[in-house]
Colleague: 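Before I ask anything, here is the structure I am working with.
Every chain is numbered from 1, with letters handed out A, B, ... down the list of sequences. Note: hydrogens, waters and symmetry copies are ignored here, and every other heavy atom, side chains too, is used. The model shown is predicted, which means the values in this text are computed figures rather than measured ones.
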2 protein chains.
Amino acid sequence: MDKGSEPVTLRMIADEVGVNVSTVSRVINSSDKEARRWASSEMIDRIRTVVAARGYQRNPHAASLRTRRSGLVGVLVPRLQDFVLATVYEGIEEAATEQGISTFVTNSLDRPENQASRTELMLSRRVDGLIFGDAHAGDPFLDTLAKRGIKFTLVSRRSGDHISATCDDILGGRLVAEHLLATGRRDIGILSGRQYASTGNDRTAGVVQACLEAGIRIRPERIVHGGFDAPGGRQATERLLEQGGCPDAIFATNDFAAIGAMGVLRDRGIGVPDDVAIVGYNDTPLAAELSIPLTTIHSPMHEMGRAGLNLLLAMLRGEAVQSVRLAPELVVRASTAG
Amino acid sequence: MDKGSEPVTLRMIADEVGVNVSTVSRVINSSDKEARRWASSEMIDRIRTVVAARGYQRNPHAASLRTRRSGLVGVLVPRLQDFVLATVYEGIEEAATEQGISTFVTNSLDRPENQASRTELMLSRRVDGLIFGDAHAGDPFLDTLAKRGIKFTLVSRRSGDHISATCDDILGGRLVAEHLLATGRRDIGILSGRQYASTGNDRTAGVVQACLEAGIRIRPERIVHGGFDAPGGRQATERLLEQGGCPDAIFATNDFAAIGAMGVLRDRGIGVPDDVAIVGYNDTPLAAELSIPLTTIHSPMHEMGRAGLNLLLAMLRGEAVQSVRLAPELVVRASTAG
DNA sequence: ATGCCCTACACAAACGTTTGCCGCAAGTGC
DNA sequence: GCACTTGCGGCAAACGTTTGTGTAGGGCAT
């Protein structure tokens with residue numbers, strides 16, 4: 001449309017219509033019916049057509065300066081390379097676009113110093129609120145943030161009583177345990193992920209609970225921590241195997257960690273699923289494409305992101321909100337067959 | 001620091017120091033030496049200390065309104081879930097943060113209507129420039145954008161004469177061909193990716209060139225198109241195999257497509273690398289963890305992102321810039337052994 | 001005719017910066 | 001003694017919105 005020319009302003013269209021900018025502003029920012037409070041029907045039409053004809057676009061800086069709202073939210077994730085968080089962010093961004101707001105996203109690499117500095121950076125950009133995908137359990141950082149009056153929600157991981165949109169990971173863990181027990185497995189090893197992530201902790205807790213209810217106790221050395229990626233899964237699995245015998249099932253709290261685990265087992269000539277069953281988590285598209293298709297838990301990552309953003313928006317509107325817990329779903333494939 | 005109180009403004013610190021806001025502004029926005037043009041050394045010190053003590057943060061909306069520069073750049077990618085583009089974006093974001101600017105990123109899903117609408121959305125947010133990771137070869141969209149005077153650069157894919165930061169994909173293709181030929185392969189099938197992506201096209205062209213120079217002609221039906229993910233690679237491979245016999249090597253222009261290809265071969269009982277060698281592209285972390293570790297081309301994804309942003313910034317400063325072509329590197333693993 | 005309430009706008013003051021220009025005093029050269 | 005620079009800083013006008021308040025004119029009841 002306009003070819004590099006000056007952007008059209010409220011005043012320009014006000015002049016063209018022969019009316020004050022205030023009237024134009026009100027008409028633009030009101031619904032059809034609401035606008036009638038401020039202008040006659042004909043005037044509304046004239047303004048609307050001129051606005052459309054000139055291709056007027058509100059200057060968001062001027063508007064934000066005046067209203068003290070930016071329509072911006074900041075998103076912190078451990079790492080965007082991680083398929084899971086990337087998907088969650090896609091959900092956030094999709095919902096944000098629907099609501100006419102924009103998002104900044106950045107990696108914290110799960111390092112506290114980054115979380116703090118990146119948060120301040122977001123705040124200096126005057127975001128209206130924040131979404132954290134990298135919450136650390138028991139970290140006072142979020143508490144102090146809340147005390148400063150900063151609005152935020154959590155996605156993927158939960159922490160304390162802060163509002164969050166997560167998968168019901170405890171239930172997810174239970175589903176895994178029930179499936180493994182039903183298929184005759186009795187000695188379950190768990191790649192539990194990072195100690196500070198509620199995701200791995202809850203999934204692990206779910207397995208432990210369900211096993212206990214079935215009369216099976218999981219020994220502490222069967223639970224190992226490590227990164228949520230393939231190399232992390234590899235290392236964790238090696239530590240697991242070195243600590244005395246091979247379990248007959250391994251639950252990786254993340255599909256990528258499961259892939260790393262399968263690498264180790266292949267190297268050692270341990271058969272999957274004959275010698276040991278493997279279960280992942282998140283139902284990554286890769287899970288179905290692996291040499292040995294992976295049994296896993298489908299988690300609503302996209303929906304978690306959407307919910308996280310909508311919760312934040314509700315908070316910003318001053319509504320009382322409650323955390324959202326979405327349902328996981330078991331997907332059985334070859335890695336636990338037989 | 002400040003506990004939810006009113007944000008501190010330029011006027012507040014000006015009043016506290018007992019000086020005009022203009023002076024404070026100039027001191028803040030100048031280097032140590034430059035500031036001496038506007039204030040005495042003692043005054044500079046006093047202003048600096050008060051600014052630090054009060055924790056002053058410039059209001060970017062007010063500044064942008066005045067300067068008509070936002071310090072924002074928009075980034076369009078096909079999909080953030082894609083590891084490759086996520087990594088490129090990490091590079092962009094990292095470089096952006098270093099330069100004190102912020103980025104919006106959004107998915108276009110490689111659909112032209114999204115590219116257009118998302119671009120307009122970014123522009124309505126008053127971005128200073130754009131970075132496209134989803135350029136379509138021969139698409140006039142970018143040309144019209146350039147004609148409108150909008151500044152942008154391309155990453156990952158190139159298109160026309162627009163400034164871009166890419167991997168030297170033709171060279172990458174040649175490296176693959178040379179390796180396969182050297183290890184005795186003669187009949188190469190290529191999963192070429194999307195027709196509109198220069199990445200797949202250039203990589204394919206590189207193979208074809210190198211083979212031709214070695215006196216080997218690749219038949220057109222050996223080149224199949226498809227998605228850059230695992231399911232895409234699976235489908236493309238199936239079409240490839242149905243078109244008459246199995247080649248003794250398959251070059252997937254993307255690691256994930258290679259994984260899909262390996263799935264098909266496994267299903268059909270075709271041995272890798274004995275019956276057919278497989279090569280991927282990008283050297284994803286997963287490549288080394290697969291059941292059959294994947295020979296692939298390492299491409300500087302992160303660096304591409306950094307270069308793309310720095311090129312854009314140079315353009316915005318009005319400098320004359322040239323496209324950047326980064327070097328690929330062959331990584332040999334088991335999938336082409338023997 | 002008076003008072004009053006609508007409708008349909010207009011006025012103007014912010015919001016917090018940046019930046020062109022002006023001014024004053026002290027120094028400088030002659 | 002003069003004109004002239006130079007150093008240091010103030011003044012005020014923008015940038016483009018939003019929003020509280022003001023106000024004409026018309027209709028209505030009294």
Colleague: In chain order, what residues pass the side-chain hydrogen bond (donor to acceptor under 3.5 Å, both in side chains) check against A:Asn59, with sequence neighbours excluded?
Modeller: none

Colleague: So if I take residues 26-38 of chain B and measure heavy-atom distances to DNA chain C, which residues fall below 4.0 Å?
Modeller: B:Arg26, B:Asn29

Colleague: Can you see whether A:Tyr56 engages A:Thr9 through a side-chain donor-acceptor pair at a distance of less than 3.5 angstrom?
Modeller: no

Colleague: OP1 or OP2 of D:dG9 versus the side-chain N and O atoms of B:Asn20: is any pair under 4.0 Å?
Modeller: no

Colleague: Would you mind reporting whether B:Met122 and B:Thr106 have side-chain heavy atoms less than 4.5 Å apart?
Modeller: yes

Colleague: For B:Ile163 and B:Met315: C-alpha separation, side-chain torsions, deciding distance, then whether side-chain contact (heavy atoms from CB on, under 4.5 Å) applies.
Modeller: CA-CA 9 Å; B:Ile163 301 298; B:Met315 281 182 63; 4.3 Å; yes

Colleague: Where along residues 60-73 of chain B does a heavy atom come under 4.0 Å from DNA chain D, residue by residue in number order?
Modeller: B:Leu65, B:Arg66, B:Arg68

Colleague: Establish, yes or no, whether a centroid distance under 6.0 Å links the rings of B:Phe152 and B:Phe132.
Modeller: yes

Colleague: Counting C-beta onward and ignoring hydrogens, is there a side-chain heavy-atom pair between A:Val51 and A:Ile28 closer than 4.5 Å?
Modeller: yes

Colleague: Looking at A:Gly308, is its backbone amide N or carbonyl O close enough to the side chain of A:Thr153 to form a donor-acceptor pair, meaning the two atoms are under 3.5 Å apart?
Modeller: yes

Colleague: Could you check B:Glu98 against B:Arg306 for side-chain contact (heavy atoms from CB on, under 4.5 Å), going step by step and ending with a plain yes or no?
Modeller: CA-CA 10 Å; B:Glu98 286 174 13; B:Arg306 295 185 57 91; 2.9 Å; yes

Colleague: According to the interplanar angle, ranging from 0 to 90°, do the rings of A:Tyr196 and A:His136 count as parallel (below 30°), tilted (30 to 60°) or perpendicular (above 60°)?
Modeller: parallel

Colleague: Please report the end-to-end axis angle for the helix from C:dA1-D:dT30 to C:dC30-D:dG1, five pairs per end, rounded to 10 degrees.
Modeller: 50°

Colleague: Does anything in residues 39-49 of chain A come within less than 4.0 Å of DNA chain C? Heavy atoms only, and list the residues if so.
Modeller: A:Ala39, A:Ser40, A:Met43

Colleague: Would you grab the first and last nucleotide of DNA chain C (5' to 3') that comes under 4.0 Å of any non-hydrogen atom in chain A?
Modeller: C:dA8 to C:dG16

